[in-house]
Number of protein chains: 2
Amino acid sequence: MQNRIRDLRTIFDLTQDELAEKLEVSRQTISSLEKGRYNPSIMLAYKIAKVFQCRIEDVFIFEGEEK
Amino acid sequence: MQNRIRDLRTIFDLTQDELAEKLEVSRQTISSLEKGRYNPSIMLAYKIAKVFQCRIEDVFIFEGEEK
DNA sequence: ACTTTACGTAAAGTGTACTTTACATTTACG
DNA sequence: CGTAAATGTAAAGTACACTTTACGTAAAGT
């Protein structure tokens with residue numbers, strides 16, 4: 001699964017720290033998500049989409065629907 | 001967080017077992033999701049929305065954005 | 001050079017999504 | 001009734017989302 005977090009964060013001119021604070025998670029969580037270390041919970045995915053004013057499917061790309 | 005899984009499952013005329021098989025999860029997982037015991041992972045949420053041919057936000061209702 | 005800002009990442013711990021096994025309850029049908 | 005299909009749920013285990021702490025690196029400012 002891919003995501004556009006880094007791009008969107010740049011567009012919204014936010015640092016990892018600032019985004020983390022808005023989402024009430026740690027900076028490491030943002031870094032890990034951007035690096036694809038793991039997938040967000042559905043609640044976090046929802047909050048992220050909300051910050052970027054779009055839908056979950058606009059932030060996260062399931063395309064190849066890997067495993 | 002609420003969800004419309006049970007309703008959608010009824011509309012699509014599927015048993016918990018049949019839906020579980022399509023999603024490649026156990027029947028208990030479906031039961032637990034319907035009963036609100038826990039939230040799905042984002043991958044499972046995506047697969048569920050796909051089966052019901054709609055968006056994640058159409059199946060899962062974050063409204064009160066509890067915790 | 002020194003410091004600050006932004007980011008990468010590793011280790012150890014906690015909580016929870018999901019599994020398998022198993023048994024109980026409900027519903028409908030012969 | 002008896003039985004089968006559909007569902008609820010509990011216990012114990014595994015995997016992973018997320019945390020805190022901590023340290024490293026690279027860029028930019030002063």
Side-chain angles (χ1 to χ4, degrees):
Chain A
M1 203 197 66
Q2 298 190 134
N3 70 71
R4 297 179 52 225
I5 298 178
R6 181 144 217 160
D7 288 345
L8 289 162
R9 187 167 60 75
T10 302
I11 292 172
F12 279 74
D13 193 31
L14 291 171
T15 65
Q16 289 184 345
D17 249 327
E18 290 165 344
L19 177 57
E21 201 171 353
K22 278 178 190 280
L23 299 170
E24 298 179 298
V25 295
S26 68
R27 179 180 63 81
Q28 286 76 353
T29 294
I30 304 300
S31 181
S32 294
L33 291 177
E34 289 187 359
K35 287 289 175 180
R37 273 183 228 289
Y38 50 69
N39 298 330
S41 66
I42 193 174
M43 284 309 301
L44 183 51
Y46 167 71
K47 286 183 179 179
I48 292 171
K50 201 172 167 195
V51 164
F52 294 136
Q53 300 164 44
C54 58
R55 298 192 231 109
I56 292 177
E57 285 91 342
D58 296 327
V59 182
F60 301 93
I61 302 153
F62 307 94
E63 51 161 323
E65 69 227 36
E66 315 107 42
K67 39 176 100 162
Chain B
M1 203 198 63
Q2 298 191 133
N3 72 69
R4 296 179 52 225
I5 298 178
R6 181 144 219 159
D7 288 344
L8 288 163
R9 187 168 60 75
T10 301
I11 291 171
F12 280 73
D13 193 30
L14 292 170
T15 65
Q16 289 184 345
D17 250 327
E18 289 166 344
L19 178 57
E21 201 172 352
K22 278 177 189 280
L23 299 170
E24 298 178 297
V25 294
S26 67
R27 177 180 64 81
Q28 286 76 356
T29 294
I30 305 300
S31 181
S32 294
L33 291 177
E34 290 186 356
K35 287 290 175 177
R37 272 184 231 286
Y38 49 72
N39 297 330
S41 67
I42 192 174
M43 284 308 302
L44 182 51
Y46 167 70
K47 287 183 178 179
I48 292 170
K50 202 173 166 193
V51 164
F52 294 137
Q53 301 165 44
C54 59
R55 301 194 229 108
I56 292 176
E57 286 90 342
D58 294 327
V59 182
F60 301 93
I61 302 153
F62 306 94
E63 50 161 324
E65 70 229 33
E66 315 107 42
K67 37 178 95 166

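Here is the naming used below: chain letters follow the sequence lines, and residue numbers restart at 1 for every chain.
- If you check residues 30-39 of chain A against DNA chain C, the residues with a heavy atom closer than 4.0 Å are A:Ser31, A:Lys35, A:Arg37, listed by number.
- Non-hydrogen atoms lying under 4.0 Å from DNA chain D are contributed by nothing in residues 6-18 of chain A.
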Listed pairs under 3.5 Å, donor-acceptor, residues 21-29 of chain A side chains, sequence neighbours left out:
from: A:Ser26; atom 1: OG; to: A:Thr29; atom 2: N; distance (Å): 3.3
from: A:Ser26; atom 1: OG; to: A:Thr29; atom 2: OG1; distance (Å): 3.1

Pairs of donor and acceptor atoms involving the side chains of residues 33-44 of chain A, under 3.5 Å and at least two apart or interchain, shall be tabulated with distances.
from: A:Glu34; atom 1: OE1; to: A:Arg9; atom 2: NH2; distance (Å): 3.2
from: A:Glu34; atom 1: OE1; to: A:Gln16; atom 2: NE2; distance (Å): 3.2
from: A:Glu34; atom 1: OE2; to: A:Arg9; atom 2: NE; distance (Å): 2.6
from: A:Glu34; atom 1: OE2; to: A:Arg9; atom 2: NH2; distance (Å): 3.2
from: A:Ser41; atom 1: OG; to: A:Leu44; atom 2: N; distance (Å): 3.2

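- In the helix from C:dA1-D:dT30 to C:dG30-D:dC1, the end axes, each obtained as the rotation axis mapping the C1' atoms of four pairs onto the next four within a five-pair block, lie 30° apart to the nearest 10 degrees.
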Let me have the donor-acceptor pairs involving side chains of residues 54-61 of chain A, under 3.5 Å, with sequence neighbours excluded, atom names and distances please.
from: A:Glu57; atom 1: OE2; to: B:Ile56; atom 2: N; distance (Å): 2.8
from: A:Asp58; atom 1: OD2; to: A:Arg55; atom 2: N; distance (Å): 3.1

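- Regarding contacts with the backbone of C:dC18, a side-chain N or O of B:Ser41 is found under 4.0 angstrom from either OP1 or OP2.
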Extract from the structure each pairing of a protein N or O with an N or O of nucleotides 28-30 of chain C at less than 3.5 Å, listing the distance.
none

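- Using cut-offs of 30° and 60° for the angle between ring planes, the A:Phe12 and A:Phe52 rings count as tilted.
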> How does protein contact run along nucleotides 24-30 of chain D, one letter per nucleotide 5' to 3', with B for base contact, S for sugar-phosphate only, - for none, heavy atoms under 4.0 Å?
Replying inline: -------

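- Rounded to an integer number of Å, the gap from CD1 of B:Ile5 to P of D:dT7 is 13 Å.
- Within the structure, a side-chain polar atom (N or O) of A:Ser26 is placed less than 4.0 Å from OP1 or OP2 of D:dT19.
- Between A:Ile5 and A:Leu19 the shortest side-chain heavy-atom distance falls below 4.5 Å.
- Nearer the 5' end of DNA chain C, as judged by each residue's closest nucleotide, is the contact made by B:Ile42, out of B:Ile42 and B:Gln28.
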